[in-house]
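Working notes, structure below.
None of these values were measured; they are calculated from a predicted model. Lettering follows sequence order; numbering is per chain, from 1.
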Amino acid sequence: MTVCTRREFMKAGARLAALLCLSPAAAPKVAEALSQLSQGNAPLLWLQAQSCSGCSVSLLNSDHPTPADLLTGYISLVFHSTLSTATGHVSMEVLNTSIAQGGYILVVEGSVPLKMPEACVVGGEPVTTQILRAAQGATAIVAVGTCAASGGIPAAENNPTGAIGVPEFLESNQIAKPIISIPGCPAHPDWIVGTLVHVLEFGIPELDDQYRPRVFYGRRIHDQCPRFADYEREKFARNYGDEGCLFKLGCVGPTTHADCTTRLWNAGTNCCINAGAPCIGCTSKDFAREAKFAFYRMNEKM
Amino acid sequence: MSKGIVIDPITRIEGHLSISIDVASHQIVQAHSKGEMFRGFEVILKGRNPLDAQQITQRICGVCPVSHGMASILAQDQAYGIHLPENGRLLRNLILGANYIQSHIIHFYHLAALDFVDIAAIAQYQGQDPALQDLKSWLRAQGKTQALYPAAPFLPRYEGAYLQDTELNLIAIRHYLEALEMRALAQKMGALFSGKMPHVASLVPGGVTEKVTAQNIGAYRSMLHKLRAFIDHHYLPDVVAVAKAFPDYFRIGRGPANFMAYGVFPESNQDDRRLFPSGVLINGQLGDFDPMLITEDPTHAFYQGADELAPTRGETKPWPKKEGAYTWLKAPRYGGQVVEVGPLARMLVAYHRDQPASVRPLIDRLLGELNLTTGDLMSTMGRHAARALECKVVADRCAEWVDALRPGEPSCSAFTIPAKAVGVGITEAPRGALGHWLEIDNGKVDRYQCVVPTTWNCSPRDRRDQPGAVEQALVGTPIADEKNPIEATRVVRSFDPCIACAVH
């Protein structure tokens, strides 16, 4: 539950320092960041655009910190449509007053319907306008999930709403704020929590050319794949459920940047490839984008 | 003279919902339900490899992705003519079962309960429970900060008649915290066989890609054991306690009182038996479910077209500036009738069919304890009770399915995708009846239509001006204070709306 004492903050800080691959010496600073957060010094506004709430659900799957720790001890979650007790006009007051005061981290989940603003409306306001309004007062903007990072599935071929990602949307509106993308469909809870703590204590983490923190997205799935030896020996799965490298079933581990195979999902339980399913590249900016690149290539002749 | 009130956004549901109510003499006389978000999944799926559909449709909803994946692979199983191995059927049920458990727990504790439970009661806590002590000191510390909204996201809120019983409030708050971990555990349990949650990897036409091992059987059993204890000893008693404290809500939020269930959790690879049977209850009469009677009507929705179409002929052509439209949800109808779907519909159909055998005694015992009749279940509180009972039935049955798994035996069958085929995936999401209609031409998706639980429940009016289920349920609801219409949100949330699903 809630981390309140200094010792508990230190323990939690050490866990997060390990999560972020920081040296143990960084733990006290991380602990301090957590402590400030719980005092309400670093409020967080979480807006949902064209989202499925999957990244919010994933955030609640956070193991250490636990979801309860997260809500009371780690983040001062001023507004979150799925979790806030506030509803209706009360929730809009919270949102509007917070925006007027400024000084928060803005998280956006979901893509932005650029060409059809009516396709996402919150409190009577198109989310396109709402995001621009909220971005003004933000100290940093975090695009959580592939939809927010680069459009995701709503932006796939045929894209009926003209959906795009948040960084592209902000840039086209000349909003110059620090921005971080945490793609993934959904984003892994460690990626979200780890990035937020880094922003608060150490500033913006080292990012790649797609605004992704290198600590989580620096390496390819293929390079860390438990089936890498099968690939080397050219032992390929031909059908679902087969042993062997999944490349010929469509695995895009060789071009996908993430640490799923070493970090694992749901508190170290499993991951797509370990469950016999090819990587579908859900952290990539071209995830699902073109119909001609199907997720699965059954029995491809190669 | 009535007064219009807009509740926008309805938080603590999935997605973007706005509710407009007209109140006269402290009672709702009319309601409109408005789904405010559209992405166009059916448009996006056209022209894709059909195998993409199970991954893409899962992204319709992050709360119940497994149900969409399941509907999609059931449609594909049928289109490809696949027979599942026994492990494949069982693993699918175990993954879907885990998703039901997490969805029902999060709905009661984290989405709905804060309309009844007084979270501020934590300030009065005097006991030794470390979690509650921590929460109390956090709340105190929050009060001393400069934060604009201390104790967010728990406060502020609508003012209203919350639960008075301090002890009960404290128990519920303790269980709110525990339920956060329990729902994560249910996700973890599903991930044992699905790769990850949400948005699972292992569901495929022909079965499940994950293998059955003694290790993952043992892990699933162990996690399920904890979840069943939580459901039996916390979730069910908490729902009963809240129900006893708010008996009026067995009379508020009745809805159309017509119900439909497609049936879910296949019990055999040889026939169509399912744990929860299909059926419709129209005017109290039980009938067989016939998928041919489903239509969708776009009259008041932001789409082109004016015809009531069967899903096999369904179209999705967005028209956001359409006159007379007020929502992105189409209006699905069953033989022209408004029906409610969800756990209450499943439990009532199961009760009438007396299948599975576990349902009727559970409902009768609950009704006896609360001194109610089955008719009283058609209400706000009845939906919560039905959901909790269903959670128990599913969890108990999962314990038997996991025992039936056979390590070393296959969990999926091979298949080929024909150039031309059709398939229908009829199943149930935690929120109710779910169907995917698939048409393949030239090996690609030619038409894909989803008719989704919340599309039924949060449906707008149709061409005959029949309001949808939630719109009907709201009428008659008392509103004590127009500035804090908490009673309306209690009714809406009892349906567990998911707007990302409903519009897709």
Side-chain angles (χ1 to χ4, degrees), chain A residues 1-2 4 39-40 50 52-54 57-58 60-61 66-68 72 76-78 80-88 90-91 94 97-98 101 116 118-124 153-154 156 158 160-161 185-186 239-241 265-267 269-272 275-277 280 288 291 294-296, chain B residues 7-11 14 16 36-40 43-44 47-49 51-52 55-56 59-63 114 131 134-135 137-138 145 147-150 152-158 177 180-181 184 187-188 191-192 195-199 201-202 204 209-210 318 320 410-412 414 489 500:
Chain A
M1 237 323 286
T2 326
C4 286
Q39 285 166 21
Q50 287 175 297
C52 73
S53 302
V57 171
S58 184
L60 289 176
N61 291 344
T66 65
T72 57
S76 192
L77 190 59
V78 177
H80 189 302
S81 187
T82 322
L83 294 171
S84 288
T85 311
T87 201
V90 179
S91 61
V94 170
T97 315
S98 302
Q101 174 161 307
M116 196 188 281
E118 302 91 342
C120 188
V121 177
V122 179
I153 285 178
N158 296 343
T161 61
C185 196
N239 275 304
Y240 292 137
W265 284 76
N266 301 95
T269 302
N270 209 343
C271 70
C272 302
I280 59 170
F295 290 143
Y296 305 105
Chain B
I7 310 174
D8 182 14
I10 297 272
T11 56
E14 194 300 320
H16 301 77
E36 303 267 32
M37 196 273 281
F38 169 75
R39 289 165 294 173
V43 183
I44 287 163
R48 296 193 81 105
N49 185 313
L51 292 174
D52 285 1
Q55 284 293 350
I56 288 185
R59 271 73 182 181
I60 288 173
C61 175
V63 188
L114 295 177
D134 280 349
L135 189 63
S137 40
W138 172 75
T145 65
L148 208 49
Y149 291 103
F154 301 112
L155 297 172
R157 59 180 178 180
Y158 278 158
L177 298 170
L180 281 170
E181 296 183 22
Q187 294 274 73
K188 188 173 164 138
L192 286 167
K196 75 187 211 300
M197 292 277 230
H199 302 328
S202 71
V204 287
T209 60
E210 181 60 283
S411 50
C412 59
T489 61

Next on the checklist: So which atom in A/Pro186 and which in B/Lys196 form the shortest heavy-atom distance, rounded to 0.1 Å?
Outcome noted: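 In terms of heavy atoms, the two residues are closest at CD-CE, 3.8 Å.
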
Checklist entry - Of all heavy-atom pairs between B/Val63 and B/Glu14, which one has the smallest distance, and what is that distance? => result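 Of all heavy-atom pairs spanning B/Val63 and B/Glu14, the closest is CG2-CG, 3.7 Å.
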
Looking only at heavy atoms and a cut-off of under 4.5 Å, which of [options] has the most pairs with chain A?
| options | answer |
| --- | --- |
| B/Ala500, B/Ala191, B/Pro9 | B/Pro9 |
| B/Ile7, B/Leu180, B/Thr489 | B/Leu180 |
| B/Pro150, B/Gly40, B/Pro410, B/Pro320 | B/Pro320 |
| B/Asp52, B/Ile10, B/Asn49 | B/Asp52 |
| B/Cys61, B/Gly47, B/Pro156 | B/Pro156 |

Next on the checklist: Let me confirm one number: the NE2-CE distance from B/His16 to B/Met37, rounded to the nearest 0.5 Å.
Outcome noted: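 Going from the NE2 atom of B/His16 to the CE atom of B/Met37 covers 6.0 Å.
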
Checklist entry - CZ of B/Arg39 to SG of A/Cys52: how many Å apart, nearest 0.5 Å? => result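 Between atom CZ of B/Arg39 and atom SG of A/Cys52 there are 6.5 Å.
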
[options]: which one forms the most heavy-atom pairs within less than 4.5 Å of chain B?
| options | result |
| --- | --- |
| A/Ala291, A/Ala277, A/Ala119 | A/Ala119 |
| A/Val121, A/Thr87, A/Thr82 | A/Thr87 |
| A/Ala267, A/Ala294, A/Ser58 | A/Ala294 |
| A/Val90, A/Asn158, A/Val122 | A/Asn158 |
| A/Val57, A/Asn266, A/Ile153 | A/Asn266 |
| A/Ala156, A/Gly276, A/Gly123, A/Pro154 | A/Gly123 |

Are the side chains of [Y] and [X] in contact, using a 4.5 Å heavy-atom criterion?
| X | Y | value |
| --- | --- | --- |
| A/Thr85 | B/Tyr158 | no |
| B/Leu177 | B/Leu135 | yes |
| B/Leu51 | A/Phe295 | no |
| A/Tyr296 | B/Gln55 | yes |

For [X], is it the side chain, the backbone, both or neither that has a heavy atom under 4.5 Å from a heavy atom of chain B?
| X | value |
| --- | --- |
| A/Gln50 | both |
| A/Ile280 | side chain |
| A/Thr269 | side chain |
| A/Ser91 | side chain |

Is it the side chain or the backbone of [X] that comes within 4.5 Å of chain A heavy atoms, both, or neither?
| X | result |
| --- | --- |
| B/Pro198 | both |
| B/Ser411 | neither |
| B/Ile56 | both |

Next on the checklist: Can you list everything that forms a side chain to side chain contact (heavy atoms under 4.5 Å, CB included) with A/Ser98? Sequence neighbours excluded, please.
Outcome noted: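 A/Ser98 satisfies side chain to side chain contact (heavy atoms under 4.5 Å, CB included) with A/Leu45, A/Val78, A/Val94, B/Leu148, B/Tyr149 only.
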
Checklist entry - Taking only residues two or more places apart in sequence, or in another chain, which ones meet B/Ala184 in a side chain to side chain contact (heavy atoms under 4.5 Å, CB included)? => result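 Scan of B/Ala184 (side chain to side chain contact (heavy atoms under 4.5 Å, CB included), adjacent residues dropped) gives A/Asn61.
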
Next on the checklist: Assess, by modelled atom type and distance only, whether the side chains of B/Ser202 and B/Thr209 contain a donor and an acceptor separated by less than 3.5 Å.
Outcome noted: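 No, because no side-chain N or O of B/Ser202 sits under 3.5 Å from a partner of the opposite role on B/Thr209.
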
